[in-house]
Enquirer: 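Quick one: structure below, then a few questions.
Quick caveat: nothing in here was measured; it's all calculated off a predicted structure.
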Amino acid sequence: MDSLSQLVLGAAVAAACVPARHRRKALLVGAALGTLPDLDVLIDYGDAVSNMTFHRGFSHSLFVLPIVALLLWAVLRRFWPPVREAPRSWGWAILLPLVTHPLLDALTVYGTQLFWPLTTPPVMGGSLFIIDPLYTLPLLVAVLVAAFAGEARRGGTAVVVGLALSTGYAGWSLVAQRHVDAIAAESLRDTPHADAPRFVVAMPFTTLAWRVVVVTPKGYLEGERSLVADGGPIGFIEHRFDRRLLEDAGGLWAVQRLLWFSHGFQRVDVVDGELRLADLRMGQHPTFFFTHVVGRHECGAWVPADNRQIEQPRVREGQLAGLWRRVWFGEPIPGTPFAERASARAQAAEAKSGATPATSASK
C-alpha cells in the first residue's frame, strides 16, 4: 500500500496498545515503524528486474520483523522511560506496526515475500489497490483525533473505531474479490479455460470494479466486472502472443525471476530484436506498468540484456473519469480494448441498420 496508509496504520495500531498517557508518543513511534519496511526501496540491487523482485523481500518477512521488534524493544526498554513503565504494552506497540505492514501489502497484487528467506513465490492478494481512500481515510481521521485528544478517552475510541472500519473494509475487499472470482469461474465453466490460471484484482481506488486475467495457451483473456452496473457472465477479450518465446528464453535469469515473482502472469514480445516481459497483473492491455527488456537475440539465441524497465504512461487522458463511469454506469473506460470493442459493435450495428455515421450524428 501507499506510504500514507502504512504510516497511519502503524500509528493507529501502536496507539491502541499503550496506556492513554503514552498515546501521542505511540502515534509517532508507530508511524515511523509502519514506514520502516519500505526503506528497502533505497537499496540498489543493480538493475530494474532485481530492484522490483527483491523489494518487499527481507524487510517484509514475518520471520525477520519479529526479531527486529524484539531487539528494538530491548534497546528502548533500557534507554526510554515509557517502555520501562509499560513494557508489555510497548512490546505490542513495536511489534504490530512492523508486522501489519507486510500483511497489508499482501492484500495488493504486487507481491510480498512474507516467508523470506524461503523461496515460495510472493503473496499477491489483489483485493486492494495500492491507493484506496476508503481504506486510508478512517485511519487518517482516527490518528488526527487521537493526536489532538491526547489522553482524553475520545482519542482511544477514535483509534479503535478507525481500525475497525479499515479492517472491515479490507475484509469486504476479500469478500468482493471472491464473489467476482466465482462469477469468472461460472463465465468460463463451459470453455477450454475453465481450469486455467487466473487472478482477480481490484481496479484503481475502488473495490467496486475488478479486472480478471486468465492465462491461455495462446496468450491471455482479459475481463472486467462492476459490482454496481454489470450483470450476467463476464465478457472476455482475448490477447495473443507467442508463448514459445518464454520457453526459448527460459534460461535467462531475468525471465525465470519475473515468472517466479508474478506467478507466471507475464506477456512476452519481441520489439526491435529485444525480448520484453510485461507484468499482466498491473495495468491493462496494451499498457502494463512493469515492462522490462530482459534479453536480445544474438547468433540464433537469447542472451541477457540490461534488464531495464520501459517507462509506461500511468494514467491516460479521460481514464479517471472513465473509471467512475465504469463503476456506476457500466461504460467502458476510454482507451481500453473494451471501449474499442464497444465502438466496433456500435459501428457494426449502424452498418447493419443502414445508417451512416454522418446521418446518425445528424439525428
Side-chain angles (χ1 to χ4, degrees), residues 107-109 125-135 137 169-191 193-194 196 198-216 219-240 265 280-289 312-353 355 357 360-361 363:
L107 295 179
T108 70
V109 78
S127 66
L128 287 177
F129 188 66
I130 58 171
I131 300 174
D132 193 321
L134 289 182
Y135 177 83
L137 189 59
Y169 182 75
W172 146 255
S173 75
L174 293 169
V175 172
Q177 182 187 43
R178 189 174 183 85
H179 174 66
V180 174
D181 185 65
I183 296 173
E186 181 62 24
S187 303
L188 296 166
R189 183 167 56 91
D190 296 324
T191 75
H193 313 303
R198 67 176 180 268
F199 70 85
V200 178
V201 61
M203 287 191 179
F205 316 120
T206 183
T207 55
L208 295 177
W210 299 80
R211 178 171 163 264
V212 184
V213 174
V214 184
V215 171
T216 71
Y220 57 98
L221 307 177
E222 201 170 35
E224 292 182 346
R225 187 73 177 188
S226 166
L227 295 180
V228 178
D230 294 348
I234 296 175
F236 289 93
I237 293 179
E238 183 179 20
H239 306 288
R240 295 191 174 190
F265 290 102
L280 298 174
R281 302 170 303 158
M282 291 167 277
Q284 189 167 18
H285 184 88
T287 303
F288 299 100
F289 300 149
Q312 302 286 347
R314 299 287 176 169
V315 180
R316 293 190 292 273
E317 184 178 355
Q319 284 198 319
L320 290 180
L323 177 62
W324 173 264
R325 299 191 66 81
R326 178 69 186 90
V327 170
W328 297 103
F329 306 107
E331 298 179 7
I333 301 173
T336 66
F338 299 94
E340 296 171 2
R341 181 171 68 176
S343 177
R345 286 177 174 176
Q347 292 176 6
E350 288 179 350
K352 187 175 181 179
S353 66
S360 178
K363 291 181 180 180

Enquirer: Which residues pass the ring pair (Phe, Tyr, Trp, His ring centres under 6.0 Å) test with Phe199, sequence neighbours left out?
Expert: Phe265

Enquirer: Mind checking the CZ-CD1 spacing from Phe289 to Ile130? Nearest 0.5 Å is all I need.
Expert: 8.0 Å

Enquirer: Who passes side-chain hydrogen bond (donor to acceptor under 3.5 Å, both in side chains) against Arg341, sequence neighbours left out?
Expert: none

Enquirer: Ala339 and Pro334: which non-hydrogen atoms are nearest, and at how many Å?
Expert: CB-CA, 4.1 Å

Enquirer: Locate the shortest heavy-atom distance separating Gly330 from Ala229; write the atom from each residue and the value.
Expert: N-CB, 3.3 Å

Enquirer: May I ask you to decide if Ile234's main-chain N or O and Ser187's side chain share a donor-acceptor pair within less than 3.5 Å?
Expert: yes

Enquirer: Identify the two heavy atoms, one from Val109 and one from Met282, that lie closest to each other, and give their separation to 0.1 Å.
Expert: CG1-CG, 3.6 Å

Enquirer: Could you point out which residue of Arg240, His239, His193 forms a side chain to side chain contact (heavy atoms under 4.5 Å, CB included) with Tyr220?
Expert: His239

Enquirer: According to side-chain hydrogen bond (donor to acceptor under 3.5 Å, both in side chains), who are the partners of Thr206, at least two apart in sequence or on a separate chain?
Expert: none

Enquirer: Please report the shortest heavy-atom distance between Trp210 and Gly126, naming the atom on each side.
Expert: CZ3-O, 3.8 Å

Enquirer: Give a yes or no on whether the backbone of Ile333 and the side-chain of Thr336 come within a donor-acceptor separation of less than 3.5 Å.
Expert: yes

Enquirer: Applying the side chain to side chain contact (heavy atoms under 4.5 Å, CB included) test to Phe205, which of Leu134, Asp132, Ile131 qualifies?
Expert: Ile131

Enquirer: Using side-chain hydrogen bond (donor to acceptor under 3.5 Å, both in side chains) as the criterion, list what pairs up with Glu340, not counting sequence neighbours.
Expert: none

Enquirer: Counting only N and O atoms by type, is there a donor-acceptor contact under 3.5 Å from the side chain of Glu222 to the main-chain atoms of His285?
Expert: yes

Enquirer: Listed by chain and number, what are the side-chain hydrogen bond (donor to acceptor under 3.5 Å, both in side chains) partners of Trp172, not counting sequence neighbours?
Expert: Thr207

Enquirer: Just list the side-chain donor-acceptor pairs under 3.5 Å for residues 176-184, sequence neighbours left out, or say none.
Expert:
| residue | atom | partner | partner atom | Å |
| --- | --- | --- | --- | --- |
| Gln177 | NE2 | Gly125 | O | 2.7 |
| Gln177 | NE2 | Val200 | O | 2.7 |
| Asp181 | OD1 | Arg198 | NE | 2.9 |

Enquirer: With the side chain counted from C-beta on, respond yes when Ile237 and Leu221 share a heavy-atom pair under 4.5 Å apart, and no when they do not.
Expert: no

Enquirer: Is the shortest side-chain heavy-atom distance between Val327 and Leu227 below 4.5 Å?
Expert: no

Enquirer: Testing the basics here: between Glu331 and Arg326, what is the closest heavy-atom pair and its distance to 0.1 Å?
Expert: O-CD, 3.0 Å

Enquirer: Just wondering, do Leu208 and Ser226 contact through their side chains at under 4.5 Å, heavy atoms?
Expert: no

Enquirer: At their closest point, which heavy atom of Leu280 faces which heavy atom of Arg211, and how far apart are they?
Expert: O-NH2, 2.7 Å

Enquirer: Quick check for you: to the nearest 0.5 Å, what is the distance between Tyr135 atom OH and Tyr169 atom OH?
Expert: 11.0 Å

Enquirer: Do Met203 and Leu323 come within less than 4.5 Å of each other through their side chains, counting heavy atoms only?
Expert: yes

Enquirer: State, with a plain yes or no, whether a side-chain heavy atom of Val228 is found less than 4.5 Å away from one of Phe329.
Expert: no

